[in-house]
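Taking it in order: structure first as C-alpha cells, then the write-up.
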Amino acid sequence: MLEAMAKKQAHEPLLDMLRQHPEALKYAEKALARLAEEGTWYAKEALRVLADAVAVYALEKVAQDPFPELSHLYARRFLEGEALPLSAQAPGLYDPWWSLS
C-alpha cells in the first residue's frame, strides 16, 4: 500500500471521490498525513481509517433514510471513537428487518 501510494499516487482517485463529502475527506487526509509522518508503523491503522472514511461517504450517498444519518453515526463511532447517543441504539434505525423478528 505504501509503495503504491508513494510511487504511483494510488490514493489520489480516492481523495478525488471523497472531495464530495468533506467529513469523509477530513478523516482520509488526517490518516494520510499521519501515515506520512509515521510510515509503516501506522500503515494498518491508516488503511482502516481510509476504509471507514469510504464507508461514511457511501452511506451518505444513499439519499434514502436512514443512510445519511447512519453516515454521521458511523463517523462518530468509528472515526471519532465516541459512544453512540441513546437515540441511535434503536434497532429500527439501522436494521430494516428488525420489525420482522
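Residue indices begin at 1 and follow the sequence shown. Everything numeric here is computed off the predicted structure, so don't read it as measured data.
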List for me each residue that meets side-chain hydrogen bond (donor to acceptor under 3.5 Å, both in side chains) alongside K61, sequence neighbours excluded, and say none if there are none.
Q20
Got a second to check how far M5's CE is from H11's NE2, nearest 0.5 Å?
5.0 Å
Check whether any side-chain heavy atom of L35 lies under 4.5 Å from a side-chain heavy atom of V49, and answer yes or no.
no
Apply the test side chain to side chain contact (heavy atoms under 4.5 Å, CB included) to residues L70 and V62: give CA-CA distance (whole Å), side-chain angles for both, the deciding distance (0.1 Å), then the verdict.
CA-CA 10 Å; L70 289 174; V62 180; over 6 Å; no
Do we see a donor-acceptor contact under 3.5 Å between the side chains of Y74 and D52?
yes
Spell out, as yes or no, whether a donor-acceptor pair under 3.5 Å connects the side chain of R19 to the backbone of L15.
yes
Go through it in stages, so that I can follow the logic: the residues are H21 and L18, the test is side chain to side chain contact (heavy atoms under 4.5 Å, CB included), and I'd like the CA-CA distance, side-chain angles, deciding distance and then a yes or no.
CA-CA 5 Å; H21 191 296; L18 293 180; 5.5 Å; no
Who pairs with E3 by side-chain hydrogen bond (donor to acceptor under 3.5 Å, both in side chains), at least two apart in sequence or on another chain?
K7
Shortest non-hydrogen contact between A63 and P68, atoms and distance
O-CG, 3.9 Å
Verify whether one side chain among Y42 and E37 offers a donor that lies under 3.5 Å from an acceptor in the other.
no
By side-chain hydrogen bond (donor to acceptor under 3.5 Å, both in side chains), Q9 pairs with (sequence neighbours left out) none
Measuring from L14:CG to L32:CG, what's the distance to the nearest 0.5 Å?
7.5 Å
Test item: E60 and H72 side chains (from C-beta on) under 4.5 Å apart, heavy atoms
yes
Evaluation steps, side chain to side chain contact (heavy atoms under 4.5 Å, CB included), between Y57 and E23:
CA-CA 8 Å; Y57 167 84; E23 184 180 20; over 6 Å; no
Closest heavy-atom pair and its distance - A53, A24
O-CB, 3.4 Å
